[in-house]
Structure formats: structure tokens, C-alpha cells
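Worth saying up front: this structure is predicted, and the values here are computed from it rather than measured.
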Amino acid sequence: MFVFQIKEMLEQKAVSRPFNQLLKMGVTRARAKLLMNGTVQSIRLAELYKFCTYLNCTPKELLKIQLPAGSKSLDNS
């Protein structure tokens with residue numbers, strides 16, 4: 001499962017009032033709430049592009065992979 005880390009990146013980049021900044025970027029209130037709570041289930045590539053452009057980062061910095069407990073990654077085979 002991918003975990004989207006927009007809140008952590010906004011904090012790392014020292015963005016003041018991150019919720020309001022998301023609203024200024026055109027994100028709806030409901031969507032901004034999901035993003036800030038870390039409960040967003042999906043993200044469009046256009047949104048990912050917008051966040052990466054604004055934060056001057058790569059998708060790799062915004063997404064992390066969370067493997068289910070007990071699963072083996074390809075590196076551990």
C-alpha cells in the first residue's frame with residue numbers, strides 16, 4: 001500500500017498554515033482534510049504533479065510503501 005505524506009512534506013518545507021495553503025492551491029476543504037489527516041485513499045497524477053511542483057520535490061518524497069506485516073519484499077527473497 002502507498003502512503004501519501006503531504007503533511008510531513010509541508011512541515012519539512014516549513015510551510016506556514018498548510019491547510020490554508022492547500023486551499024489556495026485549489027484543493028477542496030474535504031480533500032485537504034483527508035490529505036492532512038493522512039486518510040486519503042487515492043491521488044490523481046495531476047494532483048501529485050501540482051504538489052511536487054509547489055514543494056519542489058519528487059513523487060518518491062511524497063509517497064512511501066507500507067508492506068503488510070509478514071510480507072516479503074523482492075529484496076528479501
Could you grab the distance from atom NZ of Lys13 to atom SG of Cys57, nearest 0.5 Å is fine?
6.0 Å
Supply the atom-to-atom distance Arg29 CZ to Leu23 CG, rounded to the nearest 0.5 angstrom.
5.5 Å
Side chains of [X] and [Y]: closer than 4.5 Å at any heavy-atom pair?
X: Gln5; Y: Leu62; answer: no
X: Pro18; Y: Lys7; answer: no
X: Met25; Y: Tyr54; answer: yes
X: Phe51; Y: Leu22; answer: yes
X: Arg31; Y: Leu35; answer: yes

Joint hydrophobic cluster, [X] plus [Y], side-chain heavy atoms closer than 4.5 Å:
X: Leu63; Y: Met36; value: yes
X: Tyr49; Y: Leu45; value: no
X: Leu55; Y: Phe2; value: yes

Taking Glu61 for its side chain and Thr58 for its backbone only, find out whether a donor-acceptor pair lies under 3.5 Å.
yes
Just by distance, do the side chain of Lys64 and the backbone of Val3 share a donor-acceptor pair under 3.5 Å?
no
For the CG atom on Asn56, are there more than 12 heavy atoms of other groups (residues, nucleotides or ligands in this structure) within a distance under 6.0 Å?
no
Should the heavy atoms of other residues, nucleotides or ligands under 6.0 Å from NZ of Lys33 be counted, would the total exceed 12?
no
Just to verify, which of Ile6, Thr28, Val27, Thr39 counts as forming a side-chain contact (heavy atoms from CB on, under 4.5 Å) with Leu34?
Thr39
What are the two closest non-hydrogen atoms of Cys52 and Pro59, and how far apart are they?
SG-N, 3.5 Å
